[in-house]
Number of protein chains: 4
Amino acid sequence: MSEGAGAEVPTATGARARQREQTRSRLVDAAREVFADTPFADVRVGDISARAGVSHGLFYHYFPSKQDVLREVAAQVYQELIESLDVVLERGGTTPLIDRMDVALRRALERHRREARLIAVIEEVSRYDEDVAAIRETVQRKETARIVTLIRDLQRLGRADPGLDAEVAAAALQAMVWELGKRWFVLEDIELDFDHAVAQLARIARNALGLTAGTPEDSLLR
Amino acid sequence: MSEGAGAEVPTATGARARQREQTRSRLVDAAREVFADTPFADVRVGDISARAGVSHGLFYHYFPSKQDVLREVAAQVYQELIESLDVVLERGGTTPLIDRMDVALRRALERHRREARLIAVIEEVSRYDEDVAAIRETVQRKETARIVTLIRDLQRLGRADPGLDAEVAAAALQAMVWELGKRWFVLEDIELDFDHAVAQLARIARNALGLTAGTPEDSLLR
Amino acid sequence: MSEGAGAEVPTATGARARQREQTRSRLVDAAREVFADTPFADVRVGDISARAGVSHGLFYHYFPSKQDVLREVAAQVYQELIESLDVVLERGGTTPLIDRMDVALRRALERHRREARLIAVIEEVSRYDEDVAAIRETVQRKETARIVTLIRDLQRLGRADPGLDAEVAAAALQAMVWELGKRWFVLEDIELDFDHAVAQLARIARNALGLTAGTPEDSLLR
Amino acid sequence: MSEGAGAEVPTATGARARQREQTRSRLVDAAREVFADTPFADVRVGDISARAGVSHGLFYHYFPSKQDVLREVAAQVYQELIESLDVVLERGGTTPLIDRMDVALRRALERHRREARLIAVIEEVSRYDEDVAAIRETVQRKETARIVTLIRDLQRLGRADPGLDAEVAAAALQAMVWELGKRWFVLEDIELDFDHAVAQLARIARNALGLTAGTPEDSLLR
DNA sequence: TATGAATGAGCATTCATTCAT
DNA sequence: TATGAATGAATGCTCATTCAT
């Protein structure tokens, strides 16, 4: 055999670790699906383990409780959320300053369309679970901060209404998107063509900030 | 009949009915308090009857289940919500057209400040209880319709951005208020001076709709 | 009807209270039986409620947990134990001083014969349940104190070995009885004729204390 | 065979056996510690293997169940117990007959002081585990028998109360020691100076048996 | 021999709901 | 109408035990 005998133990360990990681993700993935489908309080641990295809008891080798998986799911979902905005909103990105709000809006709504149900559950639980609350708050604050920076940059360039309190404006725009996401994709109160709605929201946002049209040189402003 | 005069029966019945009504509202009030304090799933029927000062079993003389009281509470809260806006937004009111958005915004936020926790619970439950969902949807649609009308009136008078889809704009502004209410008063992510925030939000809303300043005759536009 | 109408409410309440008390005792009695038969850790709440002939859930209307019924049982058993000795050992009783040890010994062993299994369980649980421990300790200390008094009285009259530390001697005699009770009636290591054994133990106890034979006047010593 | 010389196999096997024995005692030692600390029913196999520093599963290579280690522990503890008395009580020992009871008492109490918690657990379990019961019974019977012999020897020499049934007296004295041991060292009801208590118990025992003082020749009586 | 992932049975506990009084 | 005792279904969680590696 060409593989050294000593290598076997680490390999075995590696296999174990891999196996462990796999089972764990299977549980988290199952939890994501279940949480998206069922009111949090009605989710039984058995639903999750069943969907993951493992025994009931095994759940407890990986998570101490139902709330704990949700924490993991929340972290995951929010991570994805912020990553998808980071690219657009980060200073020094490739999107022209003046267009960033538009692009971010579309990205955010796309993401909400996909994860709206989970987001709603996370928000619900964050009302009484401190850990989940902390995760939610951290991510939302980070997102708000990005928007605040964008608005201030625009104000500094004379492109946005200087009378706006950037903090309030950022919170307001963010709130608009999150709540619309919920009504549109979870509560399904609203029926709109996606592209039309995004275009309109972009217009509303631009109006709200008092954005003035860009000039050719704007592409240089990052 | 050996029992007292026939006249007594209606009186007795009246007393009964009054008593009944009283107990019923005591239960609803107790429920409002409990729901505002406790995650819906954790509320036990016993909590409500205990707070109402009646026996556990009596609850079931009035409501078939926990969800049913919530329906009643939801109807109540939403009724109050819409009434407080109706005065402002109804056509033919005394508030000048151009100022209605401002006033409505303030009113709405005041109401949310007071009932934010209940609103959050109702929204949560409406995700899986059709009846509550129907109540919520009806009221919100009514509110949206009012805003749509206002925006269209403003557009017709050449005071608002004619490029806006009034439906989308109305939904967006409404979403902004409801979500800010939750973050501000329930999740307590946001700390803002109430008057400053209201003024800023009014400015944002005006910008968003592209409202142009009013002229003296505007006070005639209702 | 000769009974006043007003009397009905208290009667009804009385009936309720009686009913409640009855159910409670049924549970306690059932618990006594079960605990005597089954290792404490193996007792399921369901065993108790089943033997009491009530539903599983009803148990929890009366006791917060299995340990709590045991506390009640312990209190009961120990109360009976001490009462059966009190009559003999209390100063001013009718039993001549010199005979008290004999009588007490017989009484105690009779009681142990009847309740040995429960006593063993209580002792076991008192190793890790503070409340049960407190009950056991209180009663045993009281019993020891009685014996100490008896020995001191005998020493004062010159009837018992003055070189004995009454505290140690009392503890030793008490220990002898309790442990023999367990080996004889629970572990069933020992097979003895009851009366013969009691007579022998009385002789051993008298020897141990160095009791000198009584004179006719002794019947006056109480 | 490509693996080393044949001589290695026995050596390897020897090493294996040594290793096996080592792991086994590590488990037994760990069990002793755990059982002394934790109510038997609350001891999990995992506690023992964890304290032994081996994996959970490995436990089952050595013992079929928790009860089985306890059997081993019980055997060990009781073996130590009887050995420490054998030296004193065995006929033909070096201790003068008349002093044996004293010495045995002290030895026994020293042993109990050290192992009281384990003894209590073993006794508890022996109430429902036949194997443990057998171990306990065997040792205690052996101990009783030694005392019976001693008492009979003393009676034969006219040194002890001839009216005593040696069987009952032996059981009574043994019971006294075991139970005092538990109350003193496990339940901690009693607080006594060790030497004082031992001296007193010796006096009580001597009284109980009616032992008369020895003469110089007694040292010859063995 | 050693590991620890996986299984599944078992029990305590809670609580909505009913019903005799 | 009002009470609260009684029911029983539902589910979270633990842990002994097995087994693939």
Side-chain angles (χ1 to χ4, degrees), chain A residues 8-9 11-17 19-20 22-24 41-47 49 53-67, chain B residues 12 15-17 19-20 22-24 41-49 53-67, chain C residues 8-9 11-17 19-20 22-24 41-47 49 52-67, chain D residues 12 15-17 19-20 22-24 41-47 49 53-67:
Chain A
E8 260 178 53
V9 176
T11 303
T13 304
R16 274 277 166 91
Q19 165 85 3
R20 189 180 167 81
Q22 203 179 74
T23 307
R24 190 189 175 83
D42 293 357
V43 170
R44 281 155 300 142
V45 170
D47 297 337
S49 47
V54 302
S55 77
H56 189 160
L58 189 56
F59 179 91
Y60 292 94
H61 275 262
Y62 292 95
F63 304 98
S65 79
K66 198 170 70 170
Q67 315 248 342
Chain B
R16 279 267 167 105
Q19 165 82 6
R20 186 177 168 80
Q22 205 179 69
T23 307
R24 186 188 179 80
D42 292 357
V43 170
R44 285 154 298 149
V45 168
D47 296 336
I48 298 174
S49 47
V54 301
S55 78
H56 189 161
L58 189 56
F59 180 91
Y60 290 93
H61 278 260
Y62 293 93
F63 302 98
S65 81
K66 194 170 75 167
Q67 316 248 342
Chain C
E8 260 179 51
V9 176
T11 304
T13 304
R16 274 275 167 88
Q19 166 83 5
R20 188 180 167 81
Q22 205 178 74
T23 307
R24 189 190 174 80
D42 292 357
V43 171
R44 281 154 301 142
V45 170
D47 297 337
S49 46
V54 301
S55 77
H56 190 160
L58 189 57
F59 178 91
Y60 291 94
H61 275 261
Y62 292 94
F63 304 97
S65 78
K66 199 170 70 171
Q67 314 248 340
Chain D
R16 277 267 168 106
Q19 165 81 6
R20 186 177 169 82
Q22 205 179 68
T23 307
R24 187 187 177 84
D42 293 356
V43 170
R44 283 154 298 148
V45 169
D47 296 337
S49 47
V54 302
S55 78
H56 188 164
L58 190 55
F59 179 91
Y60 290 93
H61 278 261
Y62 293 93
F63 303 98
S65 80
K66 193 170 75 169
Q67 316 248 340

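Computed from a predicted model, the values in this text were never measured in an experiment. Per chain, numbering begins at 1; letters A, B, ... match sequence-line order.
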(Q) Please find the pair of heavy atoms, one from C/S49 and one from C/H56, that lie closest to each other, and give the distance. (A)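 Closest approach of C/S49 to C/H56: OG-CA, 3.5 Å.
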Can you tell me how far [atom2] of [N] sits from [atom1] of [X], to the nearest Å?
| X | N | atom1 | atom2 | answer |
| --- | --- | --- | --- | --- |
| D/F63 | F/dA16 | CZ | P | 15 Å |
| C/L58 | E/dC15 | CG | C1' | 14 Å |
| B/D47 | E/dT14 | CG | P | 13 Å |

**Q.** Watson-Crick or G-U wobble partner of F/dC13, both distances under 3.5 Å
**A.** E/dG10
Q | Nucleotide paired to E/dA5 in any strand shown, Watson-Crick or G-U, under 3.5 Å | A | F/dT18
Q. So, the side chain of B/K66 versus the backbone of B/V43: is there a donor-acceptor pair under 3.5 Å, distance only?
A. yes
From C-beta outward on [X], which listed nucleotide comes closest to its side chain: [options]?
| X | options | answer |
| --- | --- | --- |
| C/S65 | E/dT7, F/dA16, E/dT13 | E/dT13 |
| B/S55 | E/dA16, F/dG12, F/dG4 | F/dG4 |
| B/H56 | E/dA16, F/dG12, E/dT1 | E/dA16 |

If only side-chain N and O atoms of [X] are considered, is one of them under 4.0 Å from the OP1 or OP2 phosphate oxygen of [N]?
| X | N | answer |
| --- | --- | --- |
| A/Q19 | E/dA6 | yes |
| D/Y60 | F/dC19 | no |
| C/T23 | F/dA6 | yes |

Q | No-H, no-angle donor-acceptor pair, C/R16 side chain to F/dT3 base, under 3.5 Å | A |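 Checked by distance alone, the answer is yes.
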Q) For the side chain of C/H61 and the base of F/dA6, is some donor closer than 3.5 Å to an acceptor across the two? A)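 Checked by distance alone, the answer is yes.
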Q) With a 4.0 Å cut-off on heavy atoms, is A/Y62 in touch with a base, just the backbone sugar-phosphate, or nothing at all? A) sugar-phosphate
Q) Does the side chain to side chain contact (heavy atoms under 4.5 Å, CB included) test come out yes or no for B/T23 and B/Y62, once each step is laid out? A) CA-CA 9 Å; B/T23 307; B/Y62 293 93; 3.5 Å; yes
